[in-house]
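Have a look at the structure below, then the notes.
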Amino acid sequence: MVSEVREAAMSHRFPELNLRRTGRQGDPIARFTIHQFLSQHYINLFTKLEEYLTSEGEQYWADIQKLSRRSAREDLNSWAFATLYPNTVRYAIFISLYNQFEFAMNEACTELEKDYPNDVKLSDLKDKGINRAYTYIKKVVGIPQPFEAASWKKLKDLNALRNLIVHNDSNITDKNRQVEAIKAIERISAWAPVTMQETKVVLSKDFMERVNRFLYEQVQYIGEKLQAAGWE
């Protein structure tokens, strides 16, 4: 999967939004092209990260195997290197990528406000994050379906995963109160590998490439919607 996504990016099979200025005051498309540009560079980051995690983990294991006597500390460190460390790093990259997407959405809405100076502002809406941006584009800009229904559901699931990682240290601590988070993880696992180990969410090495491609496609989709509405 890593090589497929990297080859797609390098051969420009990822569609890209074109920047063309019109009579509109705002320039939301520029915000989306920035996300697309950085997404392509994330591909190299994912590849190098996974290579590093694999090589460093193998080297550490080889080193402690040479010890004549291994202590509990070495065993604990080995576990941390093999499980805790990769999970923590992948969480950080996922949060960064998701925040980049959310930032692009909010910045695009700020640009759109320039063409609706007397209308509701993004900051006036009660929602937060991508929900607020979605509402603004739908109700103020007048695009009835900023994303396809299935894609919007995936975006909300990713938002639930993001919140679980940030606010609950990626742990399901109360299955009765976290039913929606559990359902979101189950739905995500159908298209981007994510599992549960006891109470903790674990992102696989292929998770980031698939999420990156998905978010890239959503930026392309909403960008084309706005271009069709007159923002080029």
Side-chain angles (χ1 to χ4, degrees), residues 1-10 13-15 32 35-58 79-105 129-131 147-148 150-173 175 178-222:
M1 183 63 190
V2 173
S3 60
E4 291 175 3
V5 177
R6 184 169 64 249
E7 289 173 5
M10 295 303 291
R13 281 184 283 162
F14 275 10
F32 293 140
H35 175 87
Q36 290 183 323
F37 170 75
L38 294 177
S39 291
Q40 305 243 14
H41 286 274
Y42 265 101
I43 296 170
N44 289 330
L45 176 61
F46 302 150
T47 303
K48 292 176 181 178
L49 172 63
E50 292 303 330
E51 290 173 351
Y52 169 80
L53 291 173
T54 299
S55 64
E56 289 298 300
E58 290 176 349
W79 167 82
F81 218 131
T83 58
L84 183 61
Y85 184 51
N87 287 340
T88 302
V89 172
R90 288 171 187 151
Y91 294 151
I93 296 297
F94 167 65
I95 296 303
S96 176
L97 180 59
Y98 182 85
N99 286 351
Q100 177 185 296
F101 172 79
E102 188 175 273
F103 178 77
M105 289 292 296
I130 60 169
N131 290 297
F147 301 103
E148 293 180 336
S151 295
W152 179 234
K153 184 64 177 177
K154 288 182 178 179
L155 285 170
K156 291 198 290 185
D157 286 342
L158 290 176
N159 186 62
L161 176 59
R162 178 263 179 203
N163 290 340
L164 182 68
I165 293 172
V166 171
H167 301 300
N168 213 48
D169 194 28
S170 73
N171 283 305
I172 298 293
T173 54
K175 292 185 178 181
Q178 295 175 284
V179 173
E180 290 306 313
I182 294 171
K183 289 182 179 179
I185 293 168
E186 290 174 349
R187 287 190 293 265
I188 292 171
S189 67
W191 62 275
V194 56
T195 59
M196 292 291 302
Q197 289 186 0
E198 297 180 351
T199 63
K200 202 167 190 68
V201 176
V202 177
L203 307 181
S204 79
K205 65 179 182 179
D206 293 328
F207 176 85
M208 291 310 312
E209 285 80 10
R210 299 189 186 186
V211 169
N212 185 45
R213 176 183 282 274
F214 171 72
L215 294 179
Y216 188 106
E217 291 169 348
Q218 301 322 300
V219 163
Q220 181 72 21
Y221 184 87
I222 185 61

*Show your reasoning for whether side chain to side chain contact (heavy atoms under 4.5 Å, CB included) applies to L49 and K205.*
CA-CA 9 Å; L49 172 63; K205 65 179 182 179; over 6 Å; no
*asked:* Could you go through I93 and L203, starting from their C-alpha distance and side-chain angles, then the distance that decides it, and tell me whether this counts as side chain to side chain contact (heavy atoms under 4.5 Å, CB included)?
replied: CA-CA 11 Å; I93 296 297; L203 307 181; over 6 Å; no
*Verdict with supporting geometry, S151 and Y221, side chain to side chain contact (heavy atoms under 4.5 Å, CB included)*: CA-CA 10 Å; S151 295; Y221 184 87; over 6 Å; no
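In this structure, Q178 and L164 approach most closely via the heavy-atom pair NE2-CD1, 3.5 Å. Nearest heavy atoms, S170 versus Y91: OG-OH, 3.1 Å. Minimum interatomic distance between Y42 and S96 (heavy atoms only, all atoms of both residues): OH-OG, 2.6 Å. Minimum heavy-atom separation, I172 to I185: CD1-CD1, 4.4 Å. What you find for W152 and F147 is that their closest heavy atoms are CE3-CD1, 3.8 Å. Between I130 and E102, the shortest heavy-atom contact is N-OE1, 3.7 Å.
A heavy-atom distance below 4.5 Å is not found between the side chains of I165 and V201. Counting heavy atoms from C-beta outward, V166 and Y98 have side chains that stay 4.5 Å or more apart. Side chains of P193 and R210 form a contact here, defined as non-hydrogen atoms less than 4.5 Å apart. For the pair M196/I182, no side-chain contact is recorded, criterion being any heavy-atom separation below 4.5 Å from C-beta on. The closest side-chain heavy-atom distance from W191 to D157 is not below 4.5 Å. Counting heavy atoms from C-beta on, the side chains of I43 and R213 never come closer than 4.5 Å. Here the side chains of I188 and L158 are in contact, with some heavy-atom distance below 4.5 Å.
A salt bridge does not link E148 with K154: every distance from a Lys NZ or Arg NE/NH1/NH2 to an Asp or Glu carboxylate oxygen is 4.0 Å or more.
A donor-acceptor pair under 3.5 Å links the side-chain atoms of N171 to the main chain of D169, judged by distance alone. A side-chain donor-acceptor contact under 3.5 Å links N87 to the backbone of T83. T54 places no side-chain N or O within donor-acceptor distance of the main-chain N or O of E51, the cut-off being under 3.5 Å. Between the S39 side chain and the Y216 main chain, no donor and acceptor come within less than 3.5 Å of each other.
The 12-atom threshold is exceeded at CZ of F214, counting heavy atoms of other residues, nucleotides or ligands nearer than 6.0 Å. Within a 6.0 Å radius of NZ in K200, other residues, nucleotides and ligands contribute more than 12 heavy atoms.
Summarising the geometry, atom NZ belonging to K183 is positioned 8.5 Å from atom CD belonging to E186; distances are rounded to the nearest 0.5 Å. Taken to the nearest 0.5 Å, the CD atom of Q100 stands 9.0 Å off from the CG atom of L215. If you take CG on L97 and CG on N212, they are separated by 5.0 Å, rounding to the nearest 0.5 Å. Atom CD of residue Q220 and atom CD of residue Q36 lie 5.0 Å apart, to the nearest 0.5 angstrom. If you take CG on L45 and CD on E50, they are separated by 9.5 Å, rounding to the nearest 0.5 Å. Atom CD1 of I95 sits about 7.0 Å away from atom CG of L161, to the nearest 0.5 Å.
Between F101 and H35, the ring planes lie perpendicular to each other; the angle is over 60°, past the 30° to 60° tilted range.
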